[in-house]
There are 2 protein chains.
Amino acid sequence: MNRPAIFDALSEPVSRRITSGLSRIALVLRTQAWRGAEPEGVTPTQAQALTALREGGEGMRLAELAAQLGVSAPTMSVRVNALIAKGLVVREAGVDKRSIRLRLSPAGAELLERSARWPDFLARAVGVLDEREQEDLLRSLVKVIRTLQVEGDVAPQRMCVTCSHFRPFAHPDASLPHHCAYVDAPFGDRHLRLACPEHEDAPPPQQRAAWERFTEQAPGSAPGSAPA
Amino acid sequence: MNRPAIFDALSEPVSRRITSGLSRIALVLRTQAWRGAEPEGVTPTQAQALTALREGGEGMRLAELAAQLGVSAPTMSVRVNALIAKGLVVREAGVDKRSIRLRLSPAGAELLERSARWPDFLARAVGVLDEREQEDLLRSLVKVIRTLQVEGDVAPQRMCVTCSHFRPFAHPDASLPHHCAYVDAPFGDRHLRLACPEHEDAPPPQQRAAWERFTEQAPGSAPGSAPA
DNA sequence: CCCGGACAGATAGTAGTCCTAACGGTTGCT
DNA sequence: AGCAACCGTTAGGACTACTATCTGTCCGGG
């Protein structure tokens with residue numbers, strides 16, 4: 001579809017410029033990290049831990065939480081203790097007396113409720129994209145993150161594409177082609193989730209099959225787009 | 001185009017899930033930051049400064065560099081001194097004796113040459129997207145970053161869309177609709193740059209006009225997509 | 001001419017982040 | 001019973017980056 005052009009020779013690969021753009025956004029997220037957290041009296045990483053704790057369901061173990069946030073267990077231990085001292089998290093003994101179960105306290109849940117809008121400066125910027133561009137962007141991000149997960153660069157995510165309830169392209173409707181067996185309803189790319197509380201890891205063969213179906217289909221935005 | 005569905009009521013807004021995905025990628029970039037930099041004997045932030053120094057052209061001032069990387073001047077001062085001590089950057093007196101001009105040393109340029117492939121783990125993940133998806137993704141990122149810049153959340157970027165040489169949709173060819181007056185050649189969305197050495201800030205009225213043309217056109221991927 | 005305000009950058013001092021190494025208590029296998 | 005594996009914690013050190021403060025330079029006014 002794209003004809004050769006002078007710029008094809010002049011430019012670095014598209015994928016590299018994309019990573020440069022993603023890095024730029026990562027930079028902004030880092031420098032603006034205190035915006036939402038500080039007014040609530042927590043640090044950005046503490047806020048991050050609270051979010052993970054909510055998304056991961058109740059009774060998370062310490063090591064789980066650490067893996068989810070990509071930090072070492074000692075780091076997470078200190079972080080969690082700070083949150084416990086602030087009364088935002090409670091620690092309970094697990095069945096195994098070595099392990100612990102971490103839960104949000106009511107105060108922690110309420111804090112998350114209040115500050116759930118961060119990072120809305122970025123959400124506003126994303127809002128300049130039209131409906132279709134957002135859907136395409138979300139689908140692309142899902143694909144990239146899933147690949148990072150397979151490569152071991154990031155911990156398993158609670159995403160639709162690895163969920164046992166996910167049935168890609170189960171319906172002919174191009175607008176709502178997928179099916180979620182948990183709520184038993186069709187959905188589209190725009191509904192794809194990255195952190196679903198109802199997520200349940202599918203067995204690897206099912207994951208692979210679903211992934212193949214999901215990626216091999218032409219994107220919903222372009223029914224007959226160039227396979228050649 | 002998208003019909004109402006159960007999931008429209010169940011899900012948080014698409015823009016919020018997108019920011020969640022972007023945050024996830026930012027997390028990976030942060031945890032993997034030492035991968036490319038450490039083997040070269042520099043820290044990630046030092047590598048970042050070197051990159052900015054190359055992209056920004058020769059003879060950058062300290063404050064400029066600090067703004068580009070979203071850190072305070074003192075922070076950048078310390079960082080630059082470390083790079084000077086390592087012989088990767090040279091400091092020269094500016095015309096104004098208060099200011100300094102920072103340049104990459106040959107050793108610094110050579111180091112960048114060697115480690116320019118970071119973060120290629122992310123570039124590889126982006127590589128699972130097909131050509132068209134990458135083009136769409138790049139265009140969306142450009143739009144988001146440009147918006148962040150207008151909002152003041154990030155320093156001015158050397159992007160095509162703010163460049164005096166940029167002529168959006170100057171050609172009828174849907175594959176190469178834009179024109180770069182600097183190299184005097186047509187180019188497409190897939191050639192859009194985020195850090196062009198030849199960038200020259202266009203005057204605000206021209207920027208606004210170009211931005212309007214650039215965003216109001218239907219994305220190249222969908223000639224007749226929903227204006228309603 | 002020189003004096004003060006504005007500016008550019010450098011230097012403390014402090015706080016947050018996060019790692020590796022080493023340590024106690026539990027569990028389960030032999 | 002003994003020992004290895006496991007879970008979480010504590011200790012120490014490195015990196016990042018902020019605010020406040022300081023030194024030197026430029027420029028305009030008296």
Side-chain angles (χ1 to χ4, degrees), chain A residues 26-38 40-50 52-53 59-86 89-103 155, chain B residues 26-38 40-50 52-53 59-86 89-103 155:
Chain A
L27 172 80
V28 183
L29 280 169
R30 192 163 46 77
T31 60
Q32 307 283 326
W34 288 87
R35 267 202 189 175
E38 189 159 37
E40 299 289 350
V42 294
T43 66
T45 58
Q46 286 170 1
Q48 204 182 7
L50 289 176
L53 214 41
M60 267 183 115
R61 296 211 339 281
L62 180 73
E64 255 182 288
L65 200 51
Q68 196 65 33
L69 269 50
V71 298
S72 66
T75 298
M76 189 50 65
S77 179
V78 173
R79 222 188 261 190
V80 162
N81 281 330
L83 289 170
I84 292 174
K86 286 176 182 169
V89 166
V90 293
R91 169 169 34 205
E92 301 171 351
V95 218
D96 182 335
K97 282 210 185 87
R98 289 174 301 185
S99 69
I100 59 180
R101 300 196 325 132
L102 297 169
R103 290 194 308 101
Chain B
L27 173 79
V28 183
L29 280 169
R30 193 163 46 76
T31 60
Q32 307 282 329
W34 289 87
R35 266 202 190 176
E38 189 159 37
E40 299 290 351
V42 295
T43 66
T45 58
Q46 287 170 0
Q48 205 183 8
L50 289 177
L53 213 42
M60 267 183 113
R61 295 212 339 281
L62 180 74
E64 255 181 287
L65 201 50
Q68 197 65 34
L69 269 52
V71 299
S72 65
T75 298
M76 189 50 65
S77 179
V78 174
R79 218 187 267 190
V80 162
N81 281 332
L83 289 170
I84 292 173
K86 286 176 183 168
V89 165
V90 293
R91 170 170 32 205
E92 301 170 353
V95 217
D96 183 334
K97 283 216 185 83
R98 290 174 300 183
S99 70
I100 59 180
R101 299 196 324 133
L102 297 169
R103 290 194 309 103

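The sequence lines fix the lettering, A, B, ..., with proteins before strands; numbering per chain opens at 1.
- Going from atom CG of L27(A) over to atom P of dT16(D) covers 14 Å, rounded to whole Å.
- In this structure, of dT9(D), dA17(D), dA8(C), it is dA17(D) that holds the atom nearest to the side chain of T45(B).
- Atom CE of M76(A) is separated from atom C1' of dT20(C) by 17 Å (rounded to the nearest Å).
- In the set dT9(D), dT19(D), dG9(C), dG9(C) carries the atom at the smallest distance from any side-chain atom of I100(B).
- Summary of the strand contacts: S99(B) and K97(A) both lie near DNA chain C, and taking for each the nucleotide with the nearest heavy atom, the more 5' one is attributed to S99(B).
- Position along DNA chain C of the nearest nucleotide to V95(A) versus Q46(A) favours Q46(A) as the more 5'-ward residue.
- Two residues are said to be in side-chain contact when any heavy atoms from C-beta on lie closer than 4.5 Å; R91(B) and R103(B) fail this criterion.
- As judged by a 4.0 angstrom heavy-atom cut-off over every strand, R101(B) is placed among residues making no nucleic acid contact.
- Counting any heavy atom pair closer than 4.0 Å across all strands shown, P74(B) reaches a base atom.
- For T75(B), no side-chain nitrogen or oxygen approaches OP1 or OP2 of dA17(D) to under 4.0 Å.
- Side-chain nitrogen and oxygen atoms of R79(B) include none within less than 4.0 Å of the OP1 or OP2 phosphate oxygen of dT16(D).
- Rounded to a whole Å, the CD1 atom of I84(A) is 12 Å from the P atom of dG8(D).
- To the nearest angstrom, P of dC18(D) lies 11 Å from CH2 of W34(A).
- Comparing dC18(C), dG8(D), dA8(C) by their closest approach to the side chain of R61(B) singles out dA8(C).
- In this structure, M60(A) places its CE atom 11 Å from P of dG8(D), rounding to the nearest Å.
- Within the 4.5 Å cutoff, the side chain of N81(B) has no heavy atoms near those of the V78(B) side chain.
- Note: CZ (R30(B)) to C1' (dC19(C)) measures 13 Å, nearest angstrom.
- dA10(C) atom P lies 11 Å from atom CG of L65(B), rounded to whole Å.
- Scanning all heavy atoms of the two residues, the minimum distance from A155(A) to A67(A) falls at CB-O, 3.2 Å.
- For dT16(D), the OP1/OP2 oxygens have a side-chain nitrogen or oxygen of T43(B) closer than 4.0 Å.
- Taking side-chain N and O atoms only, R91(A) has a distance below 4.0 Å to OP1 or OP2 of dT9(D).
- On a pure distance criterion of 3.5 Å, a polar donor-acceptor pair joins the side chain of R98(A) and the base of dC6(D).
- Between S77(A) and dT9(D) there is a side-chain N or O to OP1 or OP2 distance below 4.0 Å.
- Listed here is the closest heavy atom pair of L65(B) and A52(B): CD1-CB, 3.7 Å.
- Note: CG (L62(A)) to P (dT10(D)) measures 11 Å, nearest angstrom.
- Which of dA17(D), dC18(C), dC19(C) sits closest to the side chain of S72(A) comes down to dC19(C).
- In terms of phosphate contacts, N81(B) brings no side-chain nitrogen or oxygen within less than 4.0 Å of OP1 or OP2 of dG9(C).
- If you check every strand for non-hydrogen atoms under 4.0 Å, A63(A) touches sugar and phosphate atoms only.
- The side chain of D96(A) has dT26(C) as its nearest neighbour among dC26(D), dT26(C), dA17(D).
- When all heavy atoms are compared, the tightest approach of A49(B) to L83(B) is CB-CD1, 3.9 Å.
- Between R79(B) and V71(B), the closest side-chain pair of non-hydrogen atoms falls below 4.5 Å.
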